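In what follows, a single structure is set out as structure tokens and then discussed.
Throughout, a chain's letter reflects where its sequence line sits, starting with A, and its residues are numbered from 1. None of the values given here were measured: they were computed from a predicted structure.
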2 protein chains.
Amino acid sequence: MVYHKTEKVLEKQQSRKRKILNAARELLAEKEMGSASIKAIAKKAGIATGTFYLYFKDKDALIDTMLKEIYKELLDLIKKERAPYTNGFDKLEATMKACINMFMSKKNLARILLDLTPQNNAVFNTKFTDIINDLIWLTKIDLDELMEQKLIPEQDTQVSATAFVGAFREVILAWINSDEPLNEEQAYRTLINFNLRGLGKS
Amino acid sequence: MVYHKTEKVLEKQQSRKRKILNAARELLAEKEMGSASIKAIAKKAGIATGTFYLYFKDKDALIDTMLKEIYKELLDLIKKERAPYTNGFDKLEATMKACINMFMSKKNLARILLDLTPQNNAVFNTKFTDIINDLIWLTKIDLDELMEQKLIPEQDTQVSATAFVGAFREVILAWINSDEPLNEEQAYRTLINFNLRGLGKS
DNA sequence: ATAAAAAATGAATACCAGTTCAATACATGT
DNA sequence: ACATGTATTGAACTGGTATTCATTTTTTAT
């Protein structure tokens with residue numbers, strides 16, 4: 001006798017995997033991240049703890065998958081928002097605006113992607129660092145282009161890109177963890193101007 | 001019968017407390033911070049695990065004390081380096097140079113003060129956030145003064161200060177965790193210029 | 001030197017999170 | 001309906017860390 005999964009079962013399984021990923025996202029995004037235990041995730045996803053291991057090899061695999069997913073969502077949005085522009089500064093500004101909008105509307109995503117405060121998990125930290133480094137690397141590409149075109153002064157673009165991302169990250173995190181800035185417009189402009197001026201936009 | 005501690009004993013106890021604090025610093029500064037267990041700290045300090053609890057109420061108390069100490073050391077150095085200057089920009093630059101020098105020469109301090117990557121400890125995270133916020137607050141004071149004097153354009157100084165600290169932190173961390181920049185001088189100047197230009201130094 | 005007081009010890013304890021697994025429930029094909 | 005393959009369950013297991021505490025060592029005062 002051979003057993004073949006029916007459509008209904010396949011769908012149920014996919015839905016469960018999604019539920020696990022969503023539960024993990026929600027729990028990780030909450031302030032007290034200690035709460036993101038397998039037991040808690042399983043409970044939130046509506047399954048038994050053992051069931052978790054039918055969908056993911058271990059906790060590391062879950063975190064890996066989750067971070068990849070979130071990062072992809074961010075990159076896709078950035079790509080879309082940058083598409084209309086060819087000028088380097090416009091592209092950078094579009095990138096920042098895309099990030100601000102995404103992070104402010106989906107604060108839980110932002111907490112996971114920008115805030116590494118509370119993780120004890122080695123894979124999480126490694127993956128996380130990789131993502132930040134990747135963002136810095138993408139920024140550096142833009143800066144090298146701008147420097148090539150003499151639109152910004154001679155500088156160590158690796159350092160500038162790191163500073164750029166660092167400034168951005170700290171501000172967004174402050175907004176997320178406290179309450180919004182009083183004057184959104186001015187705050188946004190201040191951040192964007194800080195970074196663009198920092199590069200030496202002439 | 002009444003027991004009074006003799007000088008020798010008091011000194012020995014103070015020295016032990018120091019040894020515990022130093023052991024904690026060294027272990028926390030190492031890459032794999034999971035190793036900073038009470039057992040490891042006690043071992044490094046040359047005492048039994050139980051003895052630790054004669055000197056600190058619990059692990060949280062140790063971390064609290066340690067972070068306060070380190071932060072005080074940093075603030076003292078900053079204060080000293082700023083003393084010669086009255087101009088706002090000079091003061092900011094002196095602050096940055098003091099931090100760069102301290103962090104690059106005492107990388108373990110920097111890892112503890114700037115990099116919260118691997119802690120699971122709630123008190124550590126809270127304390128850490130407090131310290132960063134304090135640094136931002138101190139920066140904001142300088143910026144308000146500069147804005148008052150019309151030396152930088154109108155802006156949300158809370159945001160600028162946050163960006164300033166964030167850029168600085170990210171770059172220093174990158175230097176600490178990888179290897180030094182190839183061209184130290186240019187890298188330092190790039191970072192300092194980024195931040196000063198970011199403010200809109202005219 | 002001796003007894004009381006304090007400090008130090010480290011094995012035992014308590015606790016908590018990730019993971020396993022024997023038992024159970026459900027799905028499939030005949 | 002039945003037999004067999006697969007999925008689910010949750011209690012038990014594992015490993016690791018903070019903390020305690022009965023015992024031992026050291027210090028003090030007589």
Donor on one side chain, acceptor on other, A/Tyr71 and A/Asp134, under 3.5 Å
yes
Atom NZ of A/Lys39 and atom P of C/dG18 are separated, to the nearest Å, by 9 Å
From the list D/dT27, C/dT19, D/dT8, which nucleotide is the closest neighbour of the side chain of B/Tyr3?
D/dT27
Looking only at C/dG18, D/dA7, C/dT28, the nucleotide nearest the A/Gln13 side chain is D/dA7
To the nearest angstrom, the NZ-P distance between A/Lys17 and D/dT8 comes to 13 Å
Taking for each residue the nucleotide of DNA chain D with the nearest heavy atom, is it A/Val9 or A/Gly50 whose nucleotide lies nearer the 5' end?
A/Val9
Quickly work out the A/Leu54 CG to C/dA22 P distance and round it to whole Å.
15 Å
Between OH of A/Tyr53 and P of C/dA17 the distance, given in whole Å, is 12 Å
B/Arg16 side-chain N/O to C/dA7 phosphate OP1/OP2 under 4.0 Å
no
Atom-to-atom span, CD of B/Glu7 to P of D/dT27 - whole angstrom
15 Å
Among D/dT19, C/dG18, D/dT28, the nucleotide that comes nearest once only the side chain of B/Thr6 is considered
D/dT28
Is the closest side-chain donor-acceptor distance between B/Arg189 and B/Asn193 under 3.5 Å?
yes
I want to verify a distance call: between C/dT9, D/dG10, D/dT6, whose nearest atom is closest to the A/Ala48 side chain?
D/dG10
From D/dT17, C/dT9, D/dA29, pick the nucleotide closest to the side chain of B/Ser37?
D/dT17
Let's see if you can work this out: which of C/dA17, D/dA18, D/dT8 has an atom nearest to the side-chain heavy atoms of B/Lys59?
D/dA18
Under 4.0 Å, counting only non-hydrogen atoms across every strand here, what does A/Phe56 touch: a base, just sugar-phosphate, or nothing?
nothing
Across all chains, not counting sequence neighbours, the ring-ring contact (aromatic ring centres under 6.0 Å, His included) partners of B/Phe52 are B/Phe56
In whole angstrom, give the distance that lies between atom CG of A/Leu10 and atom C1' of C/dA27.
12 Å
Spacing between A/Lys12 atom NZ and C/dA25 atom C1', to the nearest angstrom
10 Å
Report the nucleotide, chosen from D/dT19, D/dT17, D/dT28, that has the shortest atom-to-atom distance to any side-chain atom of B/Ile38.
D/dT19
Is any NZ, NE, NH1 or NH2 atom of the basic residue among B/Lys80 and B/Asp76 found under 4.0 Å from an Asp or Glu carboxylate oxygen of the other?
no
Counting side-chain heavy atoms from C-beta on, which of D/dT8, C/dT20, C/dA8 comes nearest to A/Thr49?
C/dT20
Could you tell me the separation between the CZ atom of B/Phe52 and the C1' atom of D/dA18, rounded to a whole number of Å?
9 Å
Side-chain donor or acceptor of B/Ser15 paired with backbone N/O of B/Glu11 under 3.5 Å
no
Touch class at under 4.0 angstrom, heavy-atom based, for B/Lys5 against every strand present:
sugar-phosphate
